[in-house]
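Quick notes on the structure that follows.
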Number of protein chains: 2
Amino acid sequence: MTTVKKQATISDVAERAGVSVPTVSRVLNQVVPVSEKRRKRVLAAIEELDYRPSAAARTLASRRSRMLSIVTSNTSRYGYAETIRGIELAARAADYTVTISVVENDDPEVVRRAVTAAFSQSPEGVIVLTFDPAGDATLRSLPTSVPVVALSGARADGVPQVLIDESTAAEELVRGLLEMGHRTVHHITVPAVHGEDGRTTGWRAALQEAGAPVPDIIEATWDPQSGRAVGRELAADPQVTAVLCGNDEIALGLMRGLVDGGRRVPQDISVAGFDDHPLSSLWVPSLTTVRQDFSELGARGVATLLAAMSDEADAGDLHTLRPEVQWRESTAVAANQ
Amino acid sequence: MTTVKKQATISDVAERAGVSVPTVSRVLNQVVPVSEKRRKRVLAAIEELDYRPSAAARTLASRRSRMLSIVTSNTSRYGYAETIRGIELAARAADYTVTISVVENDDPEVVRRAVTAAFSQSPEGVIVLTFDPAGDATLRSLPTSVPVVALSGARADGVPQVLIDESTAAEELVRGLLEMGHRTVHHITVPAVHGEDGRTTGWRAALQEAGAPVPDIIEATWDPQSGRAVGRELAADPQVTAVLCGNDEIALGLMRGLVDGGRRVPQDISVAGFDDHPLSSLWVPSLTTVRQDFSELGARGVATLLAAMSDEADAGDLHTLRPEVQWRESTAVAANQ
DNA sequence: GTGAAAGCGCTAACAC
DNA sequence: GTGTTAGCGCTTTCAC
């Protein structure tokens, strides 16, 4: 066992520096001026004692926790993880610490526990990743004692939100596919928020605008392997020549499933995804997709939250990011049928 | 603006329930018995006021924060994200909240700031992801006022650690490749911790044991695109028939680079990775790799930390997980040269 | 079982 | 500028 050295407190520092406790507090918070002489002594004492202020005591006394809570259903999937990274980075730059509260699904009891966990740290603000039903449900049951920002998902009334304009990008993608001679474009979704996500809306709009048939939506899970299963089925269907997937992982799984079923991408079937996962451009064939800047989404979420925390009026209720279509090898002109 | 309802405090609850503040505290912590009648009244008051205890006040009064800090260089890359998910899950089950403190690199000032951030919340324990130089440097400059556990990486003296036995798995992989007729196996590393990682050690050991030549190590970054760049170079080198990569992302990038350079995997060159990334089995060809259970690593880290926090003696200094080699399509018998 | 009193480590308000 | 005094919302003695 290494020896455990007890943490020094502010009064240890004050005593050692020969000043009062509030004076130490003043040099720590550097808002009220302190004479250069004392400042130096205090700084030296802090150094010598390896003093670190207790966040708990500060929070209690100042009623400001310098904490932000993230509520999310998952922390390790690409879009989520990148968003969280963006949040943490922006929060750290603004001198806030982040806690994560995981809400596994939209079961009321699970949601309640996650909300309790998120609020137990007295965060000054909360960011909810409304990418899926779990986040969506959480947003609807959040207390109003603290500013909240929603990230992505369906439009939520009364809550500031940062959105990615998925719909326009999906339209552009589908329109492009139709122009390549595809009769229609099939669509595979990941579990949707209450309502319909922008990808699906944009997909349908583009088909209708072009007078193309609107096929039944195929539902996948978040697991890339479910894309593979769908691919094996679709491989047998000669009607299918182009597929838009709800995310890249599903699209990558789909491509594998199509190969399993003896079809070639893009010669037989074109495939497009959504997200621009770091591996998508490396796939053979590289995947046509929509680049979403998740870390920017997180950063904008923090900026919006900080604004809501300081301003009386909520300056800017809705922010929208424009994603970009990346045409790559997985999509091509339709083969003659 | 929605109306902001002020958070109820414990004395609000006490007053409403007609009991003293400590009594409310007792029902909250359910350690000292409280009469059924009062218990009910208190619970009702809590419900009615939507009361949530202040973690800061609890921490201050009890000197127990119920917080664990994770220090990591990155939160969104696969192995890291999965480990963090495993930690969060296990911590939540033990009723601990997790904060993440990001240390971008091993610059002393950066490390110092991350350590300060990690300790500012008075965590009861700290978990360091020593996957890379940044985590490694952090581990070496951590105060000893609180139990610490290191996850993966090089063996750190005096600190409980959970390791994955990469070395044995790498040996098995390389041995298998040699048995398939490859003259030797090249090796691409990701940025290593101080010293050498187990993958490299195992790779070298297997080559030496078989009397095979030990090629120069090729260094990549964490970016999968760097694997692609390496692949384009190696494609031109007829000596190269088998490559072991430090992780799957690099292996996937490498395969793409080899394809760019006109080589086929596995017919011309066998490729193996490390991690079993969720997309590796979907690749064409599917990637031979070593399955590492990162979320289990995180869970074991929490278990070890909780043990170190409660026990006087550090029960079990070192825990080792056995990863499993997954033979798949990207490796094959060496072609005749 | 239960309440009164003290105090955790800090910041805020006030006097000087 | 600086020290003194309160008090943040809880838990922890300690009587009863």
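All chains are named by letter (A, B, ...) in the order of the sequence lines, taking the proteins before the strands, and each is independently numbered beginning at 1.
- Salt bridge A:R92/B:E104: present, at least one basic N to carboxylate O contact under 4.0 Å.
- Closest to the A:P22 side chain, of the nucleotides D:dT11, C:dG9, C:dA12, is C:dA12.
- Considering only side-chain atoms of B:P33, the nucleotide from C:dA4, C:dG1, D:dT2 that sits closest is C:dG1.
- Judged by atom type and distance alone, A:R63 does not reach the base of D:dG9 through any side-chain donor-acceptor pair under 3.5 Å.
- Taking atom CD on B:E15 and atom P on C:dG3, their separation rounds to 14 Å, with Å as the unit.
- Residue A:A57 places its side chain closer to C:dG9 than to any other of D:dT2, D:dT11, C:dG9.
- A:R64 has its CZ atom 16 Å from the P atom of D:dG9, to the nearest Å.
- Per the geometry, CG belonging to A:L28 stands 11 Å off C1' belonging to C:dT11, to the nearest Å.
- Following rounding to the nearest Å, B:R58 (CZ) and D:dT12 (C1') show an atom-to-atom distance of 14 Å.
- The distance between atom CD1 of A:I46 and atom C1' of C:dC10, rounded to the nearest whole Å, is 13 Å.
- Side-chain atoms of A:L60 lie closest to D:dG9 of the nucleotides D:dG9, C:dG3, D:dC10.
- Distances shown here put every side-chain N or O of A:S62 at or beyond 4.0 Å from the OP1 or OP2 atom of C:dT11.
- Nucleic acid contact for B:V21: base, since at least one base atom lies under 4.0 Å from a heavy atom of the residue.
- Residue B:R66 contributes atom CZ, which lies 14 Å from atom C1' of D:dT11 at whole-angstrom precision.
- In this model, the phosphate group of C:dT2 is approached by a side-chain N or O of B:R38 to a distance below 4.0 Å at OP1 or OP2.
- Following rounding to the nearest Å, B:Q30 (CD) and D:dT11 (P) show an atom-to-atom distance of 12 Å.
- Between the A:T130 side chain and the A:S152 main chain, a donor and an acceptor come within less than 3.5 Å of each other.
- The side chain of A:S35 places an N or O atom within less than 4.0 Å of a non-bridging phosphate oxygen (OP1 or OP2) of D:dT2.
- The listed nucleotides are D:dC10, C:dT11, C:dG9; the one nearest the side chain of B:I10 is D:dC10.
- Ring centers of B:Y80 and B:W222: under 6.0 Å apart, within the cut-off.
- Between B:D157 and B:R155 there is no salt bridge, since none of the side-chain N atoms of the basic residue sits less than 4.0 Å from a carboxylate O of the acidic one.
- As a whole-Å value, the separation of A:Q7 CD from C:dC8 C1' is 14 Å.
- Taking the charged nitrogens against the carboxylate oxygens, B:R16 and B:E48 do have a contact shorter than 4.0 Å, which makes a salt bridge.
- Distances shorter than 4.0 Å separate some side-chain N or O of B:T23 from OP1 or OP2 on C:dG3.
- Closest approach to the A:T9 side chain among D:dC10, C:dT11, C:dG9 is made by C:dG9 (side chain taken as heavy atoms from C-beta onward).
- In summary, B:R85 and B:E82 engage in a salt bridge, as defined by a charged side-chain N under 4.0 Å from a carboxylate O.
- Position along DNA chain C of the nearest nucleotide to B:E36 versus B:A61 favours B:E36 as the more 5'-ward residue.
- In this model, a side-chain donor or acceptor of A:R26 finds a partner on the base of D:dG3 within 3.5 Å.
- The phosphate of D:dC10 (OP1 or OP2) has no side-chain N or O of B:S54 nearer than 4.0 angstrom.
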